[in-house]
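These notes are about the structure you will find just below.
Source: prediction; values computed, not measured. Naming convention: chains lettered A, B, ... in sequence-line order (proteins, then strands); numbering from 1 in each chain.
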Amino acid sequence: MSSLQTIQEQMLQAVLAERAAKLRSIRSDDIAGAEDRLSIYHHGYRVRLRDALKNEFTGLQCMAGRRFHALLDTYVKAHPSEHYNIRWYGADLPSFLDETQPWCDEPQLAEMAYVDWAVSTAFDAEDERSMGMADLSAVPAHAWANLRLSMQKHLRVLTVTHNVDAFRRAADSGAKRPHLRRFVHARRILVWRKETTIHYRTLDRDEWPVLNAALGGETFAAMCERLADHHDESTAMSRMVQLLQRWLETGLIQGWTTD
Amino acid sequence: MIDPAGLVSHASPAYLSDKTIAMTPATSSQPLPYLGYGLGLRVDHYEALLANPGNVEWLEVVSENYMVDGGLPLVWLDRFRERFPLVMHGVSLSIGSTDPLDEDYLARLAALAKRVEPAWVSDHLCWTGVQGINLHDLMPLPYTEEALDHVVSRVLRVQDTLKRRILLENVSSYVSFADSQLTEWEFLAAVAERADCLILLDVNNVHVSAQNHGFSSLDYLRGIPASRVQQFHLAGFEQGEHLIIDTHDAPVSNAVWDLYIEAVRRFGRVSTMIERDDNFPPLFELMAELDHARTLAEPLLQDAA
């Protein structure tokens, strides 16, 4: 191993270690000792990673309150950064909270973190064209049954059992921290970007099966069938049209194909 | 240039002369333009800067902030590109790391440079991680012949990929290494000469490192070849108990303004920029600092002319 490599690996380990160590390769002098000098890098590493997480997980900060810093510290300790861009450091925080004691005992924390991260990734996801009503009117009448929609690639649907969107909304608007509520039945939150604005909303109960079918590349006919659990034949089609209009207006659809 | 003859005080030391650089046609290029007085572009100032560019003649963008797939960052970038000359400044090239160069990073950097067409591309003379782990800090190198060979070979690789000469910036540091055989300025000068790259001289960082390691900041300036200096950074720091901490979150200090005057005397007309990374003041305060830089530099440059 070269001496340059040795120095870099020793310094890396010293920065990652729980306490700043003293390295023989680092000079001490009258101005400061090697340990004090190294401690600046040791301290700075943790501050930078925590700051990066604070920027991305504003809903989680609102929800966790005073425990937020302890939560970040455990993640920073367990997860060195492996990406050149610090903006991606939080990618594993949601699953970390999902799997790690004591945080996994409060599933709302992981749920919130998944929503925060979906917002964050939608922010600078690839630009995609949004289809309008006029585009869909070009579909020939006979082709509707086999129509397949292409939804925005960055769109995310997250299952939640608590009112996590209220916490994110409070963080975004600076409003007072809401009370935590647990739902009787799980709900789904949709996160997407229209042009440069990020949106999130709770999906209607009958909307999720239809959207899931669209995301799975199923035909328009199959999507309509997914409404059968909630609607009879007389109302299913009007509801389907209503959903399509909403998806088009809010920029969820980027294209369509027919067989 | 004011005093080109007196700039290189060392007569071809061994670490400069014992290697032959074979420049590829792709990287041997025309002199880069002089841009005047600029600012580091930060989100906090986006709207104010477009509404009133004032005395800001050019902008430096942090490359990584725009190495993304789409969305708002690139929308803003395009708006600024229409209004200002831009340069790109990276923090993650990790030119001194013993890990392999990150090919994905380089490809994205090259793609961004193609989109922006910046006047130049810069990063730091440092390493940011090793063993696949990123410390997200500008870690100093030991100034050894081994590190010099290593950095030079990587700069040549990067310049070949980007098809342009890059600028390397001196970093503020808090540690120095027992193994070091060269001073920091000897090392920086040697990298620039041997790799035929340019220098982004951060005047604040020279001051911070000089105070932290007890060397003369004027010796540092004397050791840098003038023909290599393409850009100045000016920034602020925080005084710690024993060491100065390079925070880039405060106004430029009097000591750094004094050193800037020396740098202008030594290097002449160099594109100059205020770099603020945190604790952002209203835009007019940074514009006032830019005016101050102009007020200090222009009489010296006119006298020299």
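The environment of Gln239(B) atom CD is dense: over 12 non-hydrogen atoms of other residues, nucleotides or ligands sit within 6.0 angstrom. By the neighbour-count criterion of 12 heavy atoms within 6.0 Å, atom CD of Gln101(A) is densely surrounded, having more than that number from other residues, nucleotides or ligands. Atom CD of Glu103(B) sits in a crowded spot, with more than 12 heavy atoms from other residues, nucleotides or ligands closer than 6.0 Å.
Residue Asp102(B) touches chain A through its side chain alone, counting heavy-atom pairs closer than 4.5 Å. With a 4.5 angstrom heavy-atom cutoff, His154(A) does not touch chain B via any of its atoms. For Thr144(B), no part sits under 4.5 Å from any heavy atom of chain A, backbone or side chain. With a 4.5 Å cut-off on non-hydrogen atoms, Leu49(A) touches chain B through its side chain but not through its backbone. If you measure heavy-atom distances from Leu93(B) to chain A, you find no contacts under 4.5 Å at all. With a 4.5 Å cut-off on non-hydrogen atoms, Gln131(B) touches chain A through its side chain but not through its backbone. With a 4.5 angstrom heavy-atom cutoff, Leu243(B) touches chain A only via side-chain atoms. Contact of Arg87(A) with chain B is not made at all, since no heavy-atom distance falls under 4.5 Å. Residue contact with chain A, scored on non-hydrogen atoms closer than 4.5 Å, involves the backbone and the side chain of Ser97(B) alike. Using a 4.5 Å cut-off between heavy atoms, Ile245(B) contacts chain A through its side chain alone, with no backbone atom that close. With a 4.5 angstrom heavy-atom cutoff, Val75(B) touches chain A only via side-chain atoms.
With chain A as the partner, the residue from Val91(B), Leu74(B), Thr128(B), Leu72(B) showing the most heavy-atom pairs under 4.5 Å is Leu72(B). Listed options Arg24(A), Glu128(A), Arg193(A) were ranked by heavy-atom pairs under 4.5 angstrom with chain B; first place goes to Arg193(A). The residue among Ser92(B), Pro142(B), Ala178(B), Ala147(B) with the most heavy atom pairs within less than 4.5 Å of chain A is Ala178(B). Annotation: maximal heavy-atom pairing with chain A below 4.5 Å, among Glu64(B), His136(B), Met67(B), His242(B), occurs at His136(B). Highest contact tally toward chain B, considering only Ile198(A), Asp36(A), Asp30(A), Ile86(A), is held by Ile86(A) [criterion: heavy-atom pairs under 4.5 Å]. Between chain B and the residues Asp29(A), Val15(A), Leu23(A), Leu38(A), the largest count of heavy-atom pairs under 4.5 Å involves Val15(A).
Listed for the Ser120(A) side chain is no donor-acceptor partner under 3.5 Å among the backbone atoms of Glu56(A). Within the 3.5 Å criterion, the main-chain N or O of Thr250(A) finds a donor-acceptor partner in the side chain of Trp192(A). Looking at Trp256(A), its side chain never comes within 3.5 Å of a backbone N or O of Ser150(A) through a donor-acceptor pair.
Ion pairing of Asp172(A) with Arg169(A) is absent here, as no side-chain N (NZ or NE/NH1/NH2) approaches a carboxylate O to less than 4.0 Å. For Asp135(A) and Arg129(A), the salt-bridge test passes: some basic side-chain N is under 4.0 Å from an acidic carboxylate O. Arg46(A) and Asp73(A) are not joined by a salt bridge, as no carboxylate oxygen comes within less than 4.0 angstrom of a charged side-chain nitrogen.
Counting only heavy atoms from C-beta outward, the side chains of Leu41(B) and Phe80(B) approach each other to under 4.5 Å.
Taking every heavy atom of both residues into account, Pro73(B) and Val68(B) meet most closely at CB-CG2, 4.2 Å. Smallest separation of non-hydrogen atoms from Val87(B) and Pro118(B): CA-CB, 3.9 Å.
No option in Tyr89(A), Tyr200(A), Phe123(A), Phe57(A) other than Phe57(A) meets the ring-ring contact (aromatic ring centres under 6.0 Å, His included) test with Trp117(A).
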Note to self: For a side chain to side chain donor-acceptor pair (under 3.5 Å) check, start with the C-alpha distance between Gln8(A) and Thr98(B), then their side-chain angles and the critical distance, and finish with the verdict.
What the structure shows: CA-CA 8 Å; Gln8(A) 290 183 344; Thr98(B) 48; 2.9 Å; yes

Checklist line | Derivation of the salt bridge (charged side-chain N to carboxylate O under 4.0 Å, His left out) call for Asp165(A) and Arg201(A) | finding: CA-CA 8 Å; Asp165(A) 54 329; Arg201(A) 68 173 171 86; over 6 Å; no

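Ring planes of Phe96(A) and Tyr75(A): perpendicular class, angle over 60° (limits at 30 and 60°). Ring geometry for Trp88(A) against His83(A) counts as tilted: the plane angle lies between 30° and 60°, on a 0 to 90° scale. The aromatic rings of His124(B) and His89(B) sit tilted relative to each other, their planes meeting at an angle between 30° and 60°.
Contacts between residues 205-215 of chain B and chain A, defined by a heavy-atom separation under 4.5 Å, are made by Gln211(B), Asn212(B), His213(B), Gly214(B). Heavy-atom proximity under 4.5 angstrom to chain A picks out Tyr105(B), Arg108(B) from residues 105-117 of chain B.
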